[in-house]
Amino acid sequence: MSVGEAPLEVRDATAEDMAAVCDIVNHFIERSFVNFRTQPQTCAEWVSDWELYRRRYPWLVAVQEGEVVGMAYSAPFKLREAYNWCAEVTVYVSAKCHRRGVGRALYQRLIPTLQEQGYHTVVALIALPNPPSVALHEAFGLRPAGVLRHVGYKLGEWHDIGFWQRVLTDAEGEPSPPRRAGDVSR
């Protein structure tokens, strides 16, 4: 996979990647409404979350010319046990790499990995309006599942949150527990 002239590598994220991830996400925290945080995150917060979730959920980065230019990860949608087969998916791409296939490359690996692990459903929450994010998620089969109106106030106005969902399997009956992130072939 390549973006422009330089090849793009998608790989498992490491603790060392979290500083770059933090910079990418903080750009959106500080300059847009697409992330509802109002204060920048620290690298330590990212490392802590990565440590907490990476064994059960895939965390990926896209690297080009040695630089992390995007990340996609999954995490619990909710913490109650009945939600164990549902994963929330998130993608961020460096502002300088938008519309170059980075998000697509990340989701081309993330979503099939979750399916292979045994997750039944993936969901994404998108701050609205955000046509590029909506288009990316819909390209991977996520469909609108509802909107919560005026739930976040940022940058001087109210914003909605849209829910997108994709059912990954048609399994009936009691499912096996999802496999750990490292227990699937990639």
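Please read these numbers as outputs of a predicted model, since none were measured by experiment.
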Can His159 and Phe36 be said to form a side-chain contact (heavy atoms from CB on, under 4.5 Å), step by step?
CA-CA 9 Å; His159 295 280; Phe36 276 12; 3.8 Å; yes
Transitive ILVMFWY side-chain link Val123 to Val34, under 4.5 Å:
no
Run the side-chain contact (heavy atoms from CB on, under 4.5 Å) check on Leu128 and Ile126 step by step: do they pass?
CA-CA 6 Å; Leu128 300 173; Ile126 303 173; 4.0 Å; yes
Under the salt bridge (Lys or Arg N to Asp or Glu O under 4.0 Å) rule, what pairs show up with a residue in residues 53-77, not counting sequence neighbours?
Glu51-Arg54, Glu51-Arg55, Glu67-Lys96
Sub-4.5 Å side-chain heavy-atom contact between Gln64 and Pro7:
no
Quick one: list whatever passes side-chain hydrogen bond (donor to acceptor under 3.5 Å, both in side chains) with His98, sequence neighbours left out.
none
Could you list all the salt bridge (Lys or Arg N to Asp or Glu O under 4.0 Å) pairs where at least one residue sits in residues 14-28, not counting sequence neighbours?
Arg11-Asp17
Are any non-hydrogen side-chain atoms of Ile29 and His27 less than 4.5 angstrom apart?
no
Minimum heavy-atom separation for Gly103 to Val91, with atom names?
CA-CG2, 4.0 Å
Measuring only between side-chain heavy atoms, which start at C-beta, is Ile24 closer than 4.5 Å to Val68?
yes
So, the side chain of Asn26 versus the backbone of Gln41: is there a donor-acceptor pair under 3.5 Å, distance only?
yes
At what distance, to the nearest 0.5 angstrom, does CE of Met71 lie from CH2 of Trp59?
5.0 Å
Heavy-atom side-chain contact between Pro129 and Phe33 under 4.5 Å
yes
Under a 4.5 Å side-chain heavy-atom rule over Ile, Leu, Val, Met, Phe, Trp and Tyr, are Val21 and Tyr92 clustered together?
yes
Do Val63 and Leu8 make a side-chain contact, defined as non-hydrogen atoms from C-beta onward lying under 4.5 Å apart?
no
For residues 147-165, the salt bridge (Lys or Arg N to Asp or Glu O under 4.0 Å) pairs (sequence neighbours left out) are Arg149-Asp160
Given a cutoff of under 4.5 Å between side-chain heavy atoms of I, L, V, M, F, W and Y, with clusters grown through shared members, what are the other residues clustered with Trp85?
none
How would you list, by chain and number, every residue that makes a side-chain hydrogen bond (donor to acceptor under 3.5 Å, both in side chains) with Thr42, sequence neighbours excluded?
Glu45
Value for CG (Asp49) from CE (Met18), rounded to nearest 0.5 Å, stands at 9.5 Å
State which residues pass side chain to side chain contact (heavy atoms under 4.5 Å, CB included) with Leu125; sequence neighbours excluded, sorted by chain then number.
Phe77, Glu88, Ile161, Phe163
Show me the pairs that pass ring pair (Phe, Tyr, Trp, His ring centres under 6.0 Å) and involve residues 109-135, at least two apart or across chains.
Tyr57-Tyr119
Answer whether the closest heavy-atom distance between the side chains of Glu9 and Val61 falls below 4.5 Å.
no
Begin from the C-alpha positions of Leu168 and Glu116 and carry the test side-chain contact (heavy atoms from CB on, under 4.5 Å) through to its verdict.
CA-CA 9 Å; Leu168 300 175; Glu116 192 174 335; over 6 Å; no
Parallel, tilted or perpendicular: which fits the ring planes of His137 and Tyr107, with parallel below 30° and perpendicular above 60°?
perpendicular
Please report the closest heavy-atom contact between Val102 and Gly70, naming both atoms and the distance.
CG1-CA, 4.1 Å
Report yes if the side chains of Ser74 and Val122 come closer than 4.5 Å at any heavy-atom pair, otherwise no.
no
Honestly curious: do Val167 and Trp164 fall in one hydrophobic cluster under the side-chain, below-4.5 Å linking rule?
no
How close do Leu155 and Ser32 get, counting heavy atoms only, and between which atoms?
CD1-C, 3.4 Å
Check for a donor-acceptor pair, side chain of Trp50 on one end and backbone N or O of Ala13 on the other, with a separation under 3.5 Å.
yes
Excluding Tyr153, membership of its hydrophobic cluster (Ile, Leu, Val, Met, Phe, Trp, Tyr; side-chain heavy atoms within less than 4.5 Å) reads Trp158
Quick one: side-chain hydrogen bond (donor to acceptor under 3.5 Å, both in side chains) partners of Ser94, sequence neighbours excluded?
none
Summary of salt bridge (Lys or Arg N to Asp or Glu O under 4.0 Å) pairs that have at least one residue in residues 131-147, sequence neighbours excluded
none
Would you find a donor on one side and an acceptor on the other, under 3.5 Å apart, between the side chain of Thr113 and the backbone of Arg109?
yes
Between Thr121 and Gln165, does the side-chain contact (heavy atoms from CB on, under 4.5 Å) criterion hold? Intermediate values first, please.
CA-CA 7 Å; Thr121 305; Gln165 174 186 14; 3.3 Å; yes
Who passes side-chain hydrogen bond (donor to acceptor under 3.5 Å, both in side chains) against Tyr73, sequence neighbours left out?
none
What heavy-atom pair brings Cys43 and Cys22 nearest, and what distance separates the two atoms?
N-SG, 3.7 Å
Nearest heavy-atom contact between Ala181 and Pro58 is CB-N, 3.9 Å
Taking all atoms of both residues into account, what is the closest heavy-atom pair of Arg99 and Pro132, and its distance?
NH2-CG, 2.9 Å
Rounded to the nearest 0.5 Å, what separation is found between the NE2 atom of His150 and the CG atom of Leu148?
11.5 Å
d(Leu136 CG, Leu106 CG) to nearest 0.5 Å is 9.0 Å
